[in-house]
Amino acid sequence: MITVLLLLHLFVTVALIGTILIQRSEGGGLGIGSSQGMGSFMSGRGTATLLTRSTAILGTIFMVLSLTLAIMNRGASSGVGHDILAQPPAPSSPAAPVAPAGTPATK
């Protein structure tokens, strides 16, 4: 279930990024959503309304999926040994001494 929601979240994220990038900004930055680029499909105002509405819907879906995934994963990490800050690091065993490069190895 979580895997399906994560994949859906990924697709919504990519769609949201794409929708935001094709919108016309105040300065005309990356916007390609004008009626000249889309032929006579929609007017400039209709395209802006469609993109604004799509952004709002995708943003809402993104937030709902984020909250759902956070709630579902809240209890998944509760257990002993998962808090790395509560436990000091284990002392490491000393490494075997390395022979200097100039001395031959003995058997």
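What you are looking at is a predicted structure, and each value in this text was computed from that prediction instead of being measured.
- When hydrophobic clusters are built by joining Ile, Leu, Val, Met, Phe, Trp and Tyr residues whose side-chain heavy atoms come closer than 4.5 Å, directly or via intermediates, Val64 is not grouped with Phe11.
- Residues passing the side chain to side chain contact (heavy atoms under 4.5 Å, CB included) test with Ser54 are Thr19, Leu50, sequence neighbours excluded.
- To the nearest 0.5 Å, the span separating CE on Met72 from CG on Leu6 amounts to 9.0 Å.
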Leu21 vs Ile17, side-chain contact (heavy atoms from CB on, under 4.5 Å): CA-CA, chis, key distance, verdict: CA-CA 6 Å; Leu21 285 179; Ile17 290 171; 4.0 Å; yes
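- One distance of note links CG of Leu5 with CE of Met1; it measures 4.5 Å at 0.5 Å rounding.
- Taken together through direct or relayed side-chain contacts under 4.5 Å among Ile, Leu, Val, Met, Phe, Trp and Tyr, Met63 and Leu69 form part of one hydrophobic cluster.
- Note that CD1 of Ile2 and CG of Asn73 are 4.0 Å apart. Values are rounded to the nearest 0.5 Å.
- For residues 2-15, every residue pair satisfying the side chain to side chain donor-acceptor pair (under 3.5 Å) rule, not counting sequence neighbours, is listed here: His9-Ser66.
- Listed by chain and number, the residues in a side-chain hydrogen bond (donor to acceptor under 3.5 Å, both in side chains) with Thr60 amount to none (sequence neighbours excluded).
- Using a 4.5 Å cut-off between side-chain heavy atoms of Ile, Leu, Val, Met, Phe, Trp and Tyr, with links allowed through other members, Leu8 and Ile61 fall into the same hydrophobic cluster.
- Residues satisfying the side chain to side chain contact (heavy atoms under 4.5 Å, CB included) criterion with Leu16, sequence neighbours excluded, are Ile20, Thr55, Leu58, Phe62.
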